[in-house]
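Worksheet: the structure to be examined is printed underneath.
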Amino acid sequence: MSRKPDIQTMLWMYKHMVLSRRYEEALAEAYLEGKQPLFNMANGPLPGEMHLSNGQEPCAVGVCAHLLDHDVVTATHRPHHIAIAKGVNLRAMTAEIFGKQTGLAGGRGGHMHLIDPAVNFACTGIVGEGLAPAAGAALARKMRGEDGIAVAFIGEGAANQGAFHETLNLAAVWNLPFVCVIEDNSYGISVPKGAATSVLHNDVRAASYGIRGYHVEGNDPLRIYEVAGEAIERARAGKGPSLIEIETYRLAGHFMGDAESYRPAGEKDALFARDPIPKFRQELVDAGAASSDDLLWIEEDAKSCVAELIDFAKAEAYAPVQEALEKVFV
Amino acid sequence: MMAAEKKRIRKLTIAKAMSEAIDQAMTSNPDVFVMGEDVGKLGGVFGTTTGLFDKYGPDRVRDTPISETGFIGAAAGAAVMGMRPVVELMFIDFFGVCMDVIYNFAAKNSYFSGGRQAVPMVLMTSAGGGYSDGGQHSQCLYTTFAHLPGLKVVMPSNAYDAKGMMTAAINDDNPVIFIFHKSLQGMGWLGTAKGAIVDVPETVYEVPLGKANISREGSDITVVGFGNTVHHALDAARDLALEGISAEVVDLRSLAPLDRETVLASVRKTGRLLAVDDDHLSYGWTGEVIASVAEAGIALKCPARRIAYPDVPVPFARPMEQFLLPNAEKVKAAVLSLMNSVVSV
Ligand SMILES: Cc1ncc(C[n+]2csc(CCOP(=O)(O)OP(=O)(O)O)c2C)c(N)n1
Ligand SMILES: [Mg+2]
């Protein structure tokens with residue numbers, strides 16, 4: 001059932017990986033404004049916590065390449081790569097991350113609370129919270145006989161939350177069009193997966209709930225595409241939920257300002273040597289999917305797109321402060 | 001020795017004071033141990049367990065999975081068996097994933113056992129916003145816990161109290177929710193109210209739980225605060241003194257038990273009352289304090305007033321969040337307006 005992406009899809013995947021990376025780099029730069037030499041999280045145009053997704057782009061594009069606007073996605077405190085691949089309005093999202101009036105929530109949400117109903121995307125700052133609502137979205141689609149499935153993205157750390165186990169059982173018992181995607185980046189903040197998780201790979205836990213479990217190695221966008229394609233096709237065909245664990249890695253800290261002292265010496269260098277973006281680029285060229293020049297054009301385009309987004313968001317106004325009192329109820 | 005100790009000033013942050021109290025308790029009592037996310041090598045995201053992992057090892061300083069239902073429940077269960085766990089919930093905002101075992105088990109176990117089975121655990125957790133961390137990482141939620149019988153709910157406003165209250169909390173035979181405020185914690189990356197970093201003795205001592213503190217004496221008005229709002233009150237009081245107004249600042253230090261006596265005595269003296277909270281206004285402790293004064297029949301010279309966080313979630317955008325938060329200027333303005341108003345008859 002699994003199949004490889006066509007050239008157009010591969011280029012879409014590459015483009016969104018690059019766009020996501022440039023986006024995170026631009027946010028990182030803006031984040032540090034006003035925070036040097038003294039790092040105080042409250043300062044600068046981007047105050048608060050900032051969780052970047054550098055390195056995890058393959059998970060987002062490999063899964064979202066199969067999704068349409070009516071498919072529901074819930075993501076986590078590390079949401080940008082997934083939001084970008086799901087097609088969230090990037091001007092409104094960037095304005096939201098900068099806390100501006102034209103942001104998705106008028107500045108009320110911020111980077112961990114991006115909600116774009118137009119493409120059925122949402123994320124949360126509470127580990128594991130997105131799982132059950134995604135299953136509920138799948139339930140709604142099923143009860144109404146509507147098209148569309150739901151995908152909950154979580155980190156490997158979230159697979160130890162009660163919500164993970166309750167939701168998988170529920171999705172299985174009700175045969176919901178639901179896929180849980182675990183981005184295993186080896187750490188929950190400073191705690192390595194092995195110190196927190198009783199099994200080596202979380203996909204084996206699928207067996208406890210009688211659902212399909214898939215494991216994808218190598219942070220490889222093409223493999224992710226194939227496996228996600230199978231799981232999503234099954235969900236669309238009413239064949240029930242799946243659990244996919246993807247081995248990925250974060251090239252950034254847990255959040256901006258993380259000293260990453262918990263990493264073994266040399267780990268970071270080894271990860272950078274396996275950066276999925278140059279690797280995928282080479283594969284595309286080798287496979288004759290695109291010339292280096294074509295890809296250069298994609299890369300330049302991503303850069304200017306991101307620059308335009310950041311300029312736009314910075315120039316936007318904050319909402320009048322009284323608006324903080326509005327929208328508690330619809 | 002006393003003289004030498006007296007001279008030595010040792011200013012600590014609340015984070016350092018908390019970890020020192022836990023350290024000393026672990027040294028003297030093998031039943032004391034620590035659990036939580038990132039409390040091991042990292043020393044706690046908010047520095048509450050700095051140095052403990054190196055000193056006591058992974059058996060007594062346990063990094064947990066992200067399984068709050070599991071490890072906080074396990075802390076309660078171990079406490080029933082006589083251990084004295086100090087367990088960290090990284091942000092108070094996260095209590096939603098683990099509340100059952102806190103309020104239906106730990107808080108009720110003494111009652112359900114006819115007082116025969118104690119749950120001597122400490123749940124330490126961070127609270128408060130002001131640094132734009134969004135609405136799931138900036139809440140206070142103190143009174144949510146204080147509303148539930150069977151839990152002691154405390155928060156220090158400075159490092160001296162932090163150490164003494166942590167020691168008292170560990171020694172207490174009941175479950176204690178030990179809240180620390182991020183604006184006072186002393187983490188370099190967060191910014192800290194200067195008044196929170198104070199001289200802390202090296203010796204082991206207790207600050208009794210359930211006892212409010214008069215942080216500044218005054219005669220014209222009583223300003224009651226808790227945690228960070230104590231500092232807003234103190235800053236305002238300093239300013240007001242220049243304008244000839246003498247404000248007394250009461251630091252509650254504990255919501256449960258609530259030291260009504262200290263508040264009532266102060267209000268009897270000043271005849272005016274302002275309560276300042278950074279938790280949501282409605283059903284908050286400010287209402288409880290004002291009700292206590294009303295029930296005591298104390299005649300006030302002007303209506304009591306409260307400042308609290310409005311009944312809306314915490315917005316991300318800095319201007320909006322700062323607009324909603326209490327601060328020294330708001331306290332000062334409220335005091336000035338109260339001093340100019342009278343009770344209508
Ligand atoms: C219920 C809950 N507990 C703890 C946290 C604090 N926290 C935020 S992110 C994180 C680590 C999450 O690890 P993982 O699920 O692997 O995602 P990653 O950060 O690696 O993307 C923790 C413990 C939280 N936000 N919510
Ligand atoms: Mg992780």
Side-chain angles (χ1 to χ4, degrees), chain A residues 35 38-43 45-49 77 96-101 103 105-113 124-129 155-163 188-193 195-198 254 257 259 261-262 318-328, chain B residues 36-45 53 58 62-71 73 90-91 93-98 100-101 129-139 182-183 187-192 280 309-325:
Chain A
K35 296 190 182 73
L38 256 181
F39 184 89
N40 180 338
M41 199 174 262
N43 294 339
L46 282 179
E49 286 177 71
H77 55 283
E96 185 61 33
I97 292 171
F98 280 82
K100 300 302 178 68
Q101 187 170 22
R108 296 177 186 83
H111 117 97
M112 284 188 270
H113 310 290
T124 175
I126 304 295
V127 169
E129 190 184 80
E156 90 295 335
N160 298 317
Q161 278 289 22
I189 309 186
S190 73
V191 180
K193 184 186 188 187
T197 306
S198 62
H254 170 70
S261 52
Y262 47 83
Y318 289 109
V321 290
Q322 290 80 2
E323 289 193 10
L325 299 165
E326 299 170 5
K327 310 292 183 197
V328 180
Chain B
E37 289 154 19
D38 305 278
V39 299
K41 252 185 236 163
L42 197 74
V45 169
F53 182 86
R62 292 178 172 260
D63 269 333
T64 62
I66 310 171
S67 309
E68 290 88 356
T69 306
F71 73 80
M90 194 184 291
F91 288 71
D93 312 63
F94 306 162
F95 80 73
V97 297
C98 55
D100 177 66
V101 85
Y131 63 104
S132 304
D133 211 2
Q136 291 175 339
H137 291 76
S138 303
Q139 300 171 86
K182 280 169 270 172
S183 299
M187 307 307 288
W189 49 277
L190 273 176
T192 296
H280 298 296
Y309 196 91
D311 296 331
V312 302
V314 182
F316 161 71
R318 187 168 177 81
M320 289 204 265
E321 187 191 13
Q322 297 301 319
F323 167 68
L324 298 177
L325 282 168

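In what follows, every chain begins at residue 1, and chains take the letters A, B, ... in the order their sequences are listed. Nothing here was measured: the structure is a model prediction, and the numbers come from that model.
Contacts between B:Pro310 and chain A at a heavy-atom distance below 4.5 Å involve the side chain alone, from C-beta outward. Proximity to chain A (any heavy atom under 4.5 Å) is restricted, for B:Leu324, to the side chain, taken from C-beta onward. Only the side chain of B:Phe323 comes within contact range of chain A, judged by heavy atoms closer than 4.5 Å. For B:Glu321, no part sits under 4.5 Å from any heavy atom of chain A, backbone or side chain. Only the side chain of A:Met112 comes within less than 4.5 Å of a heavy atom of chain B; its backbone N, CA, C and O stay farther away. Contacts between A:Thr197 and chain B at a heavy-atom distance below 4.5 Å are absent for every atom of the residue. Using a 4.5 Å cut-off between heavy atoms, A:Tyr318 contacts chain B through its side chain alone, with no backbone atom that close.
A donor-acceptor contact shorter than 3.5 Å is absent between the side chain of A:Asn160 and the backbone of B:Ile66. Side chain of A:Glu96 to backbone of A:Ala105: a donor-acceptor contact under 3.5 angstrom is found. Between the A:Lys35 side chain and the A:Leu46 main chain, a donor and an acceptor come within less than 3.5 Å of each other. In terms of modelled atom types and a separation under 3.5 Å, the side chain of A:Arg108 and the main chain of A:Val328 share no donor-acceptor contact. With A:Gln101 contributing its side chain and A:Gly106 its backbone, the two residues share no donor-acceptor pair below 3.5 Å. Put simply, the side chain of B:Asp63 gets close to the backbone of B:Asp38: a donor and an acceptor are under 3.5 Å apart.
Interface check for chain A: of the options B:Glu37, B:Gln322, B:Arg318, the most heavy-atom pairs under 4.5 Å are formed by B:Arg318. Interface summary for chain A: among B:Gly134, B:Gly129, B:Pro315, B:Pro319, the most heavy-atom pairs under 4.5 angstrom belong to B:Pro319. Considering only heavy-atom pairs separated by less than 4.5 Å from chain B, the leading option among A:Gly99, A:Gly110, A:Ser190, A:Ala195 is A:Ser190. The most heavy-atom pairs under 4.5 Å with chain B, out of A:Gln161, A:Lys327, A:Gln322, come from A:Gln161. The residue among B:Ser132, B:Cys98, B:Gly96 with the most heavy atom pairs within less than 4.5 Å of chain A is B:Ser132. For chain A, the option among B:Gln136, B:Met320, B:His137, B:Met187 with the highest count of heavy-atom pairs below 4.5 Å is B:Gln136. Annotation: maximal heavy-atom pairing with chain A below 4.5 Å, among B:Pro313, B:Pro58, B:Ser67, occurs at B:Ser67.
Partners of B:Arg62 by salt bridge (charged side-chain N to carboxylate O under 4.0 Å, His left out), not counting sequence neighbours, listed by chain and number: B:Asp59. By the salt bridge (charged side-chain N to carboxylate O under 4.0 Å, His left out) test, A:Lys193 is found to be paired with A:Asp184, A:Glu245, residues two or more places apart in sequence or in another chain being considered.
Side chains of B:Asp93 and B:Ser138: no donor on one and acceptor on the other come within 3.5 Å.
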